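Computed from a predicted model, the values in this text were never measured in an experiment. Chain letters run A, B, ... following the sequence lines, proteins first, then strands; residues in each count from 1.
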Amino acid sequence: MDNKNVMPEAENAAKSLNFIQQIIEEDLKNGKNDSRVHTRFPPEPNGYLHIGHAKSICLNFGLARQYSGKCNLRFDDTNPVKEDTEYVESIMEDVRWLGFQWEGEPRYTSDYFDQLYEWAVKLIKDGKAYVDDQPAEVISEQKKTPTEPGIESPYRNRSVEENLDLFERMKNGEFGNGEKVLRAKIDMSSPNMHMRDPLMYRILHQDHHRTGNKWCIYPMYDYAHGESDYLEGITHSVCTLEFEVHRPLYNWFVEQLTDTEYRPRQIEFARLNLSYTVMSKRKLLELVKNNYVNGWDDPRMPTISGLRRRGYTPESIHMFAEKIGVAKRDNVIDVSLLEFCVREELNKKAPRVFGVVDPVKVIIDNYPDDQVEYMEIENNQEDSDAGTRKVPFSKELYIERDDFMEDAPKKFFRMSIDREVRFKGAYIIKCVGVEKDAKGEITLIHCTYDADTRSGSGSEASNRKVKGTLHWVSAKHALDAEVRMYDRLFMDEDPAGHKDKDFKDFLNPDSLQVVTAKVEPSLSDAKVGDQFQFQRIGYFCVDPDTTEDKLVFNRTVTLKDSWTKSQKK
RNA sequence: UGUCCCAUGGUGUAAUGGUAACACACCUGAUUUUGGUUCAGGCAUUCAAGGUUCGAAUCCUUGUGGGACAACCA
């Protein structure tokens, strides 16, 4: 075969495989499980999904897509104490928003409670499971520590008949919470703690969000998970690293209960850690419950719903997941990579508009009092199809307070007394003086304009180069908009890493600032969820969840700004 | 003083016994009616010591460092 003929594809194929893809391709080659690929995303519905889950979602659904396989969505709902349908709803919404479709209906571990119960009975009959009457503390004590072997429970060698009877009575609700448990009979001296007769069932007199009061015994994760994978025909059960030590147990249950060729295979990868970001569901719940943020979808939250509301796009999250890769070593990804991915995408898609977030008024002394000119401005220089729009220009305008400095250094390219700047799409303007209030705050900037310099007029003067270009909004045409400037929630690079300190000590007091901005009139047509670049300021979206009858913008991400960066040094 | 896992620039990820590369970050410079974008360039890497080999980031041994496991959580 002539290699030269396949060069175009070779370029794509050149991408290296991550270690999971290598395992899958090996399995495919060996014809394992009929060379099927079937993955699953199995969240517990006890909280909202966050960017770390997004990595797992992109991985699992992505693998299925890549290998023409399937991917299930399964709610791992074995602990009714913590779970709720609110979370089920939000999880489905988030997965869909990310652009993935699960195979068939959503699955629930609770769908398998009957089968799991039968299998537990089988294990008892095989002498591989027993009912233990001891309280939690005693069982825990007997397990000992990782460095010393555990000791066996006095109930370990009960007869099969007694175990069967007791287990059935557990199911029938004859015992209270914690009075009895079902344990697998494996090896109390195993060096792996998870093999020291792990619990299979505990008694919880608690309504379940799906099965109601049908059950008062609930299976534990270790028992339920592998079996659920088995029942769904999962081939590759991808999970995070902390389950690595559970794998022998996962395999043990599958091997005890089934005798087919088919075997699901657990593969572990390193979970995502993001700098300046807390990812633990427990801590996020704490932020929500104690009103440090306004709910799970607060744009400062690392939740998928928070990112969505902040203006992140599914595509940008896919790009991020692609770039961070998959491996087994602990990692901390810099948030700047995530921000890069949003900017990268929004730069191509988001129309540029003029919005002044911290306005200061400018008056052009030599401009006719009642004149209004409509300046034609490009919507997006990155996209020639984006077209242009008309923006009104008049004698009184607003500019950004940061864009003026009275005693400016030479390197300051914006407005200063006696210096010229271009008002983007309009004229070259020269500052001639300022007015201040009693506190010395600038209240008005006086300018003159050069009428020959109108942009696009073709005149020689209109092509004159000046160092700075400012965006502006006509005062009498401006719309008021509420702008929510979100910043990072935590100031410390690794707020979760300080084990002796409360992570909330690192909360940023300025993580949300709400201001009234002056924006150009074309934004009266803006629709919920629309995204814009406020030229020179950052990317903003119209708050997707706004219920108010006014324009509300959420800041998605700031633009890179080499001037303010150099000033901070 | 147990079992398991991991170790490549500042941060991530490749290279699968044959020239250590890509992205982010950072730093120059050019272009720019956004101090954005784009473009060009720069900085910087195999935990250590032995061994196998013509050749080791890769295989072996030992050590060091980090992580997971002792929930009736998942």
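The phosphate of B/U34 (OP1 or OP2) has no side-chain N or O of A/K560 nearer than 4.0 angstrom. Taking only side-chain nitrogens and oxygens, A/K565 comes nearer than 4.0 Å to OP1 or OP2 of B/C27. Within the structure, a side-chain polar atom (N or O) of A/R202 is placed less than 4.0 Å from OP1 or OP2 of B/A74. A sub-4.0 Å separation between OP1 or OP2 of B/A71 and a side-chain N or O of A/S140 is present. Look at A/S566 and you won't find any side-chain N or O under 4.0 angstrom from OP1 or OP2 of B/G35.
In this entry B/U19 has no Watson-Crick or G-U wobble partner, no candidate having both defining distances under 3.5 Å. For B/G2, the paired base is B/C69 (Watson-Crick or G-U wobble, both distances below 3.5 Å). Pairing for B/C59 goes to B/G51, judged as Watson-Crick or G-U wobble with the two contacts each under 3.5 Å. Base-pair partner of B/U38: B/A30 (Watson-Crick or G-U wobble, both distances under 3.5 Å). With a cut-off of 3.5 Å on both Watson-Crick or G-U wobble distances, the partner of B/A7 is given as B/U64.
A donor-acceptor contact under 3.5 Å is formed by the side chain of A/Q533 with the base of B/U34. Judged by atom type and distance alone, A/S455 reaches the base of B/U33 through a side-chain donor-acceptor pair under 3.5 Å. Judged by distance alone with a 3.5 Å cut-off, a donor-acceptor contact links the side chain of A/R329 to the base of B/U8. Side-chain N/O atoms of A/R536 and base N/O atoms of B/U34 include no donor-acceptor pair closer than 3.5 Å.
Atom CG in A/D561 sits about 12 Å away from atom P in B/C26, given to the nearest Å.
In this structure, A/F423 and A/F393 have perpendicular ring planes: the angle between them is above 60°, well past the 30° mark. Using a 30° and 60° split on the angle between ring planes, A/F553 and A/F534 fall in the perpendicular class, above 60°.
Mapping A/I139 and A/F412 onto RNA chain B by nearest heavy atom places A/F412 at the nucleotide closer to the 5' end. Sequence order on RNA chain B of the closest nucleotides to A/P146 and A/I537 puts A/P146 first from the 5' end.
Taking only side-chain atoms of A/I333, from C-beta outward, the nucleotide of B/U37, B/G12, B/G35 with the closest atom is B/G12.
A distance-only check finds a donor-acceptor pair linking the side chain of A/N163 to the backbone of A/V131 [under 3.5 Å].
Note on A/E148: nothing from the nucleic acid sits closer than 4.0 angstrom, heavy atoms only.
Using modelled atom types and a 3.5 Å distance limit, the side chains of A/R196 and A/S190 yield no donor-acceptor pair.
Interatomic distance, CG of A/N380 versus NZ of A/K349, reported as 11.5 Å (0.5 Å rounding).
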